[in-house]
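Because only heavy atoms are used, hydrogens play no part in the values below, and waters and symmetry mates are left out as well, while side chains stay in. Chain identifiers are assigned alphabetically (A, B, ...) following the order of the sequence lines, protein sequences preceding nucleic acid strands; residue numbering begins at 1 within each chain.
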Amino acid sequence: MGTEYYNPRTAEKKWQSVWEKSAVFKVRNDDPRQKYYVLEMFPYPSGRIHMGHVRNYTMGDVVARFKRANGYNVLHPMGWDAFGMPAENAAMQNRVHPREWTYRNIAVMREQLKSMGLSLDWSREFATCDVDYYYHQQVLFLDIYEKGLVTRKTSKVNWDPVDHTVLANEQVVDGRGWRSGALVEQQELAQWFFRTTDYSEELLEGLDCLEQWPDKVRTMQRNWIGKSEGLIIRWQLAPGTFGKSVCIEVYTTRPDTIFGVSFIAIAVDHPLARELAKTDSDLQAFIDECYQASTSTAAIETAEKKGFKTELDVLHPFDNEWKIPVYVANFILMDYGTGAIFGCPAHDQRDLDFANAYDLPVRPVVLPQDDQDPMTFSVTKAAYTENGTLIHSRFLDGLTPQAAFEEVATRLKKTMLDGKPQAEQCIQFRLRDWGISRQRYWGCPIPVIYCDDCGIVPVPKADLPVILPEDVTFDQPGNPLDRHEKWKRVKCPKCSRLARRETDTMDTFVDSSWYYARFTAPWKKEPTDIVAVDHWLPVDQYIGGIEHAILHLLYSRFFARVMKKIGHVQVEEPFKSLFTQGMVVHETYRNNQGWVSPAEIRIEEKDGNRTATLCSSGEPVEIGSIEKMSKSKRNVVDPDDILASYGADTVRWFMLSDSPPERDVIWSEAGVEGVHRFVQRIWRLVSGAAGELRDIMPQAIYNGAAGEISKAAHCTLKAVGDDFEKLAFNRAVARLYEFVNIISPALQSAGRVETDMKAALRQALDFLIAMIAPMMPHLAEECHAILGGKNLVANLFWPIFDSALIIDNDLTIPVQINGKKRGDLIIARDADQATIEKAVLSLDFVVNRLGNKIPKKIIIVPQRIVNVVI
RNA sequence: GCGGGUGUGGCGGAAUUGGUAGACGCGACGGACUCAAAAUCCGUUUCUUUUUAGAGUGUCGGUUCGAGUCCGACCACCUGCACCA
């Protein structure tokens with residue numbers, strides 16, 4: 001008999017060091033085998049790995065090991081997304097340098113990942129805060145700058161006046177800075193931008209080719225890019241109302257509703273509004289008020305539509321007698337379209353709200369298709385935005401909105417205003433240029449110098465890298481680089497006079513926009529090795545959380561295109577296949593003192609009622625809802641604890657079983673124990689039979705009881721392989737449970753069975769080991785070894801499936817009567833329709849049901865099903 | 001408000017894509033082993049009815065010999081965007 005208890009602690013350590021010593025997972029770029037690149041989104045080194053990492057990296061590892069077993073040369077690297085705010089926050093709170101904090105976290109997390117037994121090529125590891133990595137990023141920046149795809153412009157930002165920094169929208173809570181609690185101000189600030197908008201159309205069209213991306217992600221990106229087609233219409237100012245401007249340009253997607261217009265509204269930061277405010281203090285006061293209110297998202301959601309009526313009127317493009325008032329309004333965005341709209345309240349909800357607030361006319365011009373009377377149709381509270389027929393619109397009457405759109409466009413393109421056509425066709429995008437300037441220390445310095453005489457001067461490549469200074473302090477708010485006078489002071493590369501460095505660093509999304517390319521040749525003295533990058537990209541399988549559906553994935557797609565343009569990569573789409581995995585969630589517990597950690601409680605179950613009590617005092621604890629693991633709810637389970645008590649294979653198997661990978665998985669103590677029992681069960685079965693099967697030649701048997709074992713082995717092998725291809729890990733797991741249930745009785749009596757059965761069992765075990773290996777690699781090695789297997793499972797090929805085994809001469813097919821299953825029919829596989837019909841009609845249960853009636857119809861789907869209709 | 005998705009036993013979920021609904025796991029219950037417990041092994045476990053049988057995949061309707069799967073309307077929950085003209 002074999003060893004009773006499998007000890008993952010010793011076995012896993014052992015195999016991890018064997019793999020490392022024999023360098024099985026090291027990849028060569030010049031390996032002749034077909035390439036396969038598996039990548040999981042690299043982690044931020046926050047301190048310790050969490051269950052989300054465990055799930056993500058387990059899935060990627062299954063794919064990597066499975067592809068490797070199928071003969072691919074697999075690139076499966078790991079690195080660290082290591083720049084960012086938390087390091088600086090730690091520096092402020094704990095007086096530790098961000099660099100030290102970050103590298104210490106990396107060291108801890110690297111060991112944690114290693115204890116999971118991941119098949120990674122650690123020789124390619126890097127962190128984005130390594131000088132070597134951000135040096136190459138600065139090179140890329142300069143190349144992109146040279147191509148004119150980086151610009152400097154002013155934009156409105158959320159400014160925290162206490163911390164002296166720009167805040168991202170997510171960092172503004174109820175109009176206040178999330179750290180300082182200070183009221184956030186809107187400020188105009190000069191910032192660096194990547195010109196993502198140059199690629200709006202390409203980024204949109206590229207989505208159509210990404211067939212192996214989830215539709216959800218593609219839709220989200222499509223909406224984010226937000227293409228719309230419309231018309232820019234120029235409205236002439238009524239004569240004498242204002243000196244300088246002649247007209248107001250308005251962007252609209254509904255020019256068909258032009259006769260429903262009742263006002264023009266312009267943004268508070270529209271040039272015309274500013275001009276007017278110079279001589280109108282009431283307007284200036286209104287603008288100031290809007291500026292203060294418009295920061296927080298909560299405020300925007302509930303904000304009333306407010307407007308300020310100016311002295312101006314415009315003339316209707318089709319009627320010189322028709323004057324329309326101009327408002328400055330708080331809901332108009334300056335950076336979309338032209339920063340001005342014409343309001344048609346009857347057919348736009350937002351315009352209707354505004355019109356109702358300021359008593360403006362509501363004139364319906366599109367009649368719903370069901371035959372309403374044009375004279376009685378009116379709009380009061382709900383704008384009508386559907387299709388219909390035009391009314392009250394002079395020459396447009398009777399047209400569809402689409403035809404009216406064309407008619408208005410054609411006419412206005414011909415009339416001229418101030419030397420230009422009065423309208424032009426226009427395509428708008430929601431996508432904005434990507435602002436990358438951050439007033440932070442812990443990021444990649446932007447390699448630019450400001451000279452009073454020469455202006456903006458990029459740092460010459462020979463002077464790169466611009467290295468972050470070490471001697472910085474975090475005892476005051478703001479950017480330490482900005483007050484580091486020695487580092488800031490620099491000679492102008494052009495005129496050698498005293499100049500100053502850019503003190504902003506790049507958004508950390510830049511770091512993660514090209515790391516996948518760097519992994520293909522991290523040793524290279526240039527950002528990429530064009531041969532290596534062309535060989536490996538695109539990433540064949542990218543795996544990560546849905547939270548990156550827009551920003552990271554869009555920036556990476558943009559960056560690939562830009563890098564292609566500057567000659568660093570050859571692909572436009574970096575990720576061929578994308579998989580977004582679900583979260584790890586856990587029950588929550590609380591008592592009158594607040595949230596309680598799962599480690600502090602005991603759960604009992606009786607007659608379907610689960611109750612929780614505190615371990616320490618026995619006091620009852622309320623069982624709450626299932627939530628994403630978070631520190632605040634105290635429902636976090638530390639992977640370290642689980643790895644220590646159950647081992648990596650148990651955790652990995654748990655992560656893959658039950659829940660489909662794209663959905664959330666519920667972590668439960670009972671579930672882990674169940675998985676661990678299965679690990680032990682496999683070990684008991686294999687080690688128990690090992691003595692009998694060690695010297696047996698594995699072989700498929702085609703008949704008898706041993707034939708059943710062989711059949712199950714080959715069917716399972718095929719199914720599990722197909723499941724892995726589709727990343728349907730939960731199904732693979734279920735099939736393996738089933739398979740083990742089938743072979744376990746024979747295995748338990750392996751000492752007493754015939755030679756044929758032994759040969760079949762031995763092959764079944766070899767298959768089992770191959771199939772569990774991607775998911776539970778340590779257990780697989782241990783089982784392989786005890787069976788006397790040579791080599792490492794990590795180096796073995798996926799077994800070959802024999803289709804001859806699965807074809808039976810006799811089939812069992814279900815027989816339905818009126819669509820409800822009533823029994824089975826066993827019949828030859830190749831039986832023809834007439835034979836089947838005859839056999840069915842002589843079945844007892846069919847005869848009984850029929851009585852003396854004659855069936856109306858008999859549906860026979862060969863090898864599938866029979867349905868007798870009475 | 002707009003977009004996307006999901007809905008199947010006590011629970012997580014299967015279902016060859018229109019063909020045996022509930023695989024597999026968790027939990028529960030029963031039995032064997034044990035002085036006993038744990039572990040292990042063997043059963044039972046959608047609901048109603050004692051059985052026969054019937055009902056059943058969020059609700060209502062439709063197509064079909066046959067619907068969890070397709071079509072229409074609705075309900076609930078999750079999620080993304082949100083004054084985008």
Next item on the list: Mind calculating the distance between CD (A:Q221) and C1' (B:G4) to the nearest angstrom?
Entry: 14 Å
Next item on the list: Can you tell me the distance, in whole Å, between the CD atom of A:Q349 and the P atom of B:G1?
Entry: 10 Å
Checklist line | Presence of donor-acceptor pair under 3.5 Å, side chain of A:R254 and base of B:A85 | finding: no
Notebook entry, point to check: How do A:D335 and A:N730 order along RNA chain B: which one's closest nucleotide is nearer the 5' end?
Noted result: A:N730
Notebook entry, point to check: Any side-chain donor paired with an acceptor under 3.5 Å for A:T650 and A:H676?
Noted result: yes
Next item on the list: For nucleotides B:G7 and B:A15, find the distance between their P atoms and express it as a whole number of Å.
Entry: 12 Å
Notebook entry, point to check: The side chain of A:A670 lies closest to which of these nucleotides: B:C41, B:G27, B:C65?
Noted result: B:G27
Checklist line | Nearest to side-chain heavy atoms of A:W224, which nucleotide of B:A23, B:C81, B:U20 | finding: B:C81
Next item on the list: Using whole Å, report how far CD1 of A:I742 lies from P of B:A23.
Entry: 14 Å
Margin query: Quick check for you: among B:G7, B:A85, B:C65, whose closest atom lies nearest to any side-chain atom of A:R663?
Written below: B:G7
Next item on the list: For B:A21 and B:G80, measure between their C1' atoms and round to the nearest Å.
Entry: 33 Å
Note to self: What's A:N818 touching, base or sugar-phosphate or nothing? Going by heavy atoms closer than 4.0 Å.
What the structure shows: nothing
Check: What is the glycosidic conformation of B:U17: syn, defined as within 90° of 0, or anti?
Finding: syn
Notebook entry, point to check: Taking the P atom of each, how far is B:U69 from B:G62, in whole Å?
Noted result: 14 Å
Next item on the list: Would you please confirm or rule out a distance under 4.0 Å between OP1 or OP2 of B:A85 and any side-chain N or O of A:Y336?
Entry: yes
Notebook entry, point to check: Given B:G80, B:G12, B:A85, which nucleotide is nearest the side-chain atoms of A:T252?
Noted result: B:A85
Next item on the list: Please determine if a side-chain N or O atom of A:K857 lies less than 4.0 Å away from the OP1 or OP2 oxygen of B:C65.
Entry: yes
Check: Under 4.0 angstrom, heavy atoms only, what part of the nucleic acid is A:T219 near: base, sugar-phosphate, or nothing?
Finding: sugar-phosphate
Next item on the list: Provide, to the nearest angstrom, the distance between the CD1 atom belonging to A:I859 and the C1' atom belonging to B:G66.
Entry: 8 Å
Item checked: Selection from B:G19, B:G12, B:C81 that lies nearest to any side-chain heavy atom of A:S659 -> B:G12
Next item on the list: Let me see the working for A:Q212 and A:L578 under side chain to side chain contact (heavy atoms under 4.5 Å, CB included), right down to the final yes or no.
Entry: CA-CA 6 Å; A:Q212 295 177 58; A:L578 171 72; over 6 Å; no
Note to self: Regarding A:N867, tell me which of base, sugar-phosphate or nothing describes its non-hydrogen contacts under 4.0 Å with the strands shown.
What the structure shows: base
Margin query: Does A:V869 reach a base, just sugar-phosphate, or nothing at all? Heavy atoms under 4.0 Å.
Written below: sugar-phosphate
Margin query: Nearest whole Å is fine: how far is B:G3 C1' from A:R218 CZ?
Written below: 16 Å
Notebook entry, point to check: Hey, does A:K856 reach any base, or is it just sugar-phosphate, or nothing, if we go heavy atoms under 4.0 Å?
Noted result: nothing
Next item on the list: Kindly compute the distance separating CD1 (A:I341) from OG1 (A:T252), expressed to the nearest 0.5 Å.
Entry: 8.5 Å
Note to self: Can you confirm whether A:I854 is buried at CD1, in the sense that more than 12 heavy atoms of other residues, nucleotides or ligands lie under 6.0 Å from that atom?
What the structure shows: no
Notebook entry, point to check: Do A:F354 and A:F263 have ring centroids that are under 6.0 Å from one another?
Noted result: yes
Next item on the list: Can you spot which of A:W683, A:Y737, A:Y646, A:Y6 makes a ring-ring contact (aromatic ring centres under 6.0 Å, His included) with A:F678?
Entry: A:Y737
Note to self: By the salt bridge (charged side-chain N to carboxylate O under 4.0 Å, His left out) test, which pairs, at least two apart or in different chains, include something from residues 255-264 of chain A?
What the structure shows: A:R254-A:D256
Check: Between B:G80, B:U20, B:A85, which one does the side chain of A:R350 approach most closely?
Finding: B:A85
Check: Touch check for A:E738, heavy atoms < 4.0 angstrom, all strands: base, sugar-phosphate only, or nothing?
Finding: sugar-phosphate
Checklist line | Centroid-centroid distance, A:F579 to A:W213, less than 6.0 Å | finding: no
Notebook entry, point to check: Shortest non-hydrogen contact from A:V740 to A:L768?
Noted result: CG2-CD1, 3.9 Å
Checklist line | Residue A:R684, side-chain atoms from C-beta onward, closest of B:G27, B:A82, B:C41 | finding: B:C41
Notebook entry, point to check: Name the one of A:V365, A:T257, A:I258 that satisfies side-chain contact (heavy atoms from CB on, under 4.5 Å) with A:S393?
Noted result: A:V365
Notebook entry, point to check: Going by atom types only, do A:S687 and A:Y5 share a side-chain donor-acceptor pair under 3.5 Å?
Noted result: no
Next item on the list: Taking atom C1' in both B:C42 and B:U8, compute the distance separating them and give it to the nearest angstrom.
Entry: 29 Å
Checklist line | Proximal nucleotide (of B:A85, B:U79, B:U17) relative to the A:R864 side chain | finding: B:U17
Notebook entry, point to check: Mapping A:Y737 and A:R731 to their closest nucleotides on RNA chain B, which lands nearer the 5' end?
Noted result: A:R731
Notebook entry, point to check: Can you find an N or O donor on one side and an acceptor on the other, under 3.5 Å apart, linking the side chain of A:K305 with the base of B:C83?
Noted result: yes
Next item on the list: Measure the distance from CE on A:M220 to P on B:A82 and round it to the nearest whole Å.
Entry: 11 Å
Check: Between B:C35 and B:G10, how far is it from one P atom to the other, in whole Å?
Finding: 40 Å
Next item on the list: In whole angstrom, give me the gap between the C1' atoms of B:G22 and B:G56.
Entry: 11 Å
Check: Which whole number of Å gives the distance between the P atom of B:C78 and that of B:G13?
Finding: 16 Å
Notebook entry, point to check: Since syn is defined as within 90° of 0, does B:G9 count as syn or as anti?
Noted result: syn
Next item on the list: Please list every stem that involves RNA chain B, where a stem is a run of 3 or more consecutive Watson-Crick or G-U wobble pairs with both pairing distances under 3.5 Å.
Entry: B:1-7 with B:75-81, B:10-12 with B:24-26, B:27-32 with B:40-45, B:46-48 with B:53-55, B:58-62 with B:70-74
Margin query: Distance check needed: B:G5 P versus A:D664 CG, whole Å only.
Written below: 18 Å
Item checked: A:R677 side chain, from C-beta outward: closest of B:C26, B:A85, B:G13 -> B:C26
Note to self: Applying a 4.0 Å non-hydrogen cut-off, can you work out what A:I813 is touching in the nucleic acid: base, sugar-phosphate, or nothing?
What the structure shows: nothing
Check: Looking only at atom P, what distance separates B:A76 and B:U59, rounded to whole Å?
Finding: 15 Å
Notebook entry, point to check: Across the strands shown, which category fits A:R822 at heavy-atom distances under 4.0 angstrom: base, sugar-phosphate, nothing?
Noted result: sugar-phosphate
Notebook entry, point to check: Rounded to whole angstroms, how far apart are CG on A:N223 and C1' on B:G5?
Noted result: 14 Å
